[in-house]
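Note sheet for the following structure.
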Amino acid sequence: MNFYVVAKLLSATKGLLFSGYVAFALSIISILLKGWQSLDFWIFIILNFTLIILHHYLSLRLKFDTQLIEIIAQQSDSETLENLTQQFDQSLIQLKLMPESKAGRDWALRFAGCFRLFKLQIALLFIQYFVLIILIYKLLTQ
């Protein structure tokens, strides 16, 4: 049951990404309305694009992890978890998606890694909105 709960929690990544794109779009609009032609303009543009690229990467990574966890949860009804874990690790190693040193880890450690990525995505979203607030403040205090 842990697999289903973790997969459902991590599936919230789509909503977080959408919210990140809203913050990104509003930030870009604020920058363009400000009409800067200075170093500030380029700093905020680069910062916004960097944040949305990182946010999008984390969302893709979490979506991939969610789908893998759902597959393991569905397959665990027909096979033992140890056998599935071994097959799962071998597939990831062959595709060079995981180093061999991480094979055989406990699922609690794997879930903790997923939760760290999820918390990092939430932190990036807060940073995006913080940048948006700064931009709106600068726009209103022209």
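The first residue of the sequence shown is numbered 1, and numbering continues consecutively from there.
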Answer yes or no: is there a donor N or O on one side and an acceptor on the other, between the side chain of Asp65 and the main chain of Cys114, under 3.5 Å? no

Atom CG of Leu62 and atom CG of Leu58: how far apart are they, to the nearest 0.5 Å? 6.5 Å

To the nearest 0.5 Å, what is the distance between CG (Leu92) and CG (Leu68)? 6.5 Å

Can you pull the ring pair (Phe, Tyr, Trp, His ring centres under 6.0 Å) pairs that have at least one residue in residues 59-80, sequence neighbours excluded? none

Any residue meeting side chain to side chain donor-acceptor pair (under 3.5 Å) with Tyr57, in chain and number order, not counting sequence neighbours: none

Report the distance from atom CG of Leu125 to atom CG of Leu17, rounding to the nearest 0.5 Å. 9.5 Å

Set of ring pair (Phe, Tyr, Trp, His ring centres under 6.0 Å) partners for Phe130, sequence neighbours left out: none

Verify the cluster assignment for Ile45 and Ile133: are they in a single hydrophobic cluster under the rule of side-chain heavy atoms below 4.5 Å apart? no

Joint cluster assignment, Leu10 & Ile71, ILVMFWY side-chain distance < 4.5 Å: no

If only side-chain N and O atoms count, and only distance matters, is there a donor-acceptor pair under 3.5 Å linking Ser11 with Thr66? no

Is there a side-chain contact (heavy atoms from CB on, under 4.5 Å) between Leu33 and Ile29 once you walk through the steps? CA-CA 6 Å; Leu33 286 176; Ile29 290 169; 3.9 Å; yes

Applying side chain to side chain contact (heavy atoms under 4.5 Å, CB included) to Leu60 and not counting sequence neighbours gives His56

Candidate list Phe44, Phe49, Phe18, test ring pair (Phe, Tyr, Trp, His ring centres under 6.0 Å), partner Phe24, passing option: Phe49

For Leu16 and Ser59: C-alpha separation, side-chain torsions, deciding distance, then whether side-chain contact (heavy atoms from CB on, under 4.5 Å) applies. CA-CA 8 Å; Leu16 292 173; Ser59 181; over 6 Å; no

Closest heavy-atom pair, Ile69 versus Val6, reported as atoms and distance to 0.1 Å, is CD1-CG1, 3.8 Å

Gln128 side chain to Ser27 side chain, donor-acceptor N/O pair below 3.5 angstrom: no

At what distance, to the nearest 0.5 angstrom, does CG of Asn48 lie from CD1 of Ile28? 4.5 Å

For residues Tyr137 and Ile134: do they belong to one hydrophobic cluster (side chain heavy atoms under 4.5 Å, members Ile, Leu, Val, Met, Phe, Trp, Tyr)? no

Shortest non-hydrogen separation from Ala7 to Glu70 and the atoms involved: CB-CG, 3.5 Å

Within 6.0 angstrom of Arg110 CZ, more than 12 heavy atoms from elsewhere: yes

Could you measure the distance from the OG1 atom of Thr50 to the NE2 atom of His55? Nearest 0.5 Å is fine. 14.5 Å

Applying a strict under-4.5 Å side-chain criterion to I, L, V, M, F, W and Y, I'd like to know whether Ile72 and Leu109 cluster together. no

For Ser30 and Leu139, the nearest pair of non-hydrogen atoms, with its separation, is O-CD1, 4.2 Å

How close do Gln121 and Thr13 get, heavy atom to heavy atom, and via which atoms? OE1-OG1, 2.8 Å

Pairs meeting criterion ring pair (Phe, Tyr, Trp, His ring centres under 6.0 Å) with involvement of residues 99-124, two or more places apart: Phe3-Trp107, Phe3-Phe111, Phe88-Trp107, Trp107-Phe111

Looking at residues at least two apart in the chain, or sitting in another chain, which of them share a side chain to side chain contact (heavy atoms under 4.5 Å, CB included) with Leu140? Ile136

Rounded to the nearest 0.5 Å, how far does CG of Leu51 lie from CD1 of Ile46? 12.0 Å

Checking Ser91 side chain against Gln87 main chain: does a donor-acceptor pair fall under 3.5 Å? yes

Membership question, hydrophobic clusters at under 4.5 Å side-chain separation (ILVMFWY): are Phe41 and Val131 in the same one? yes

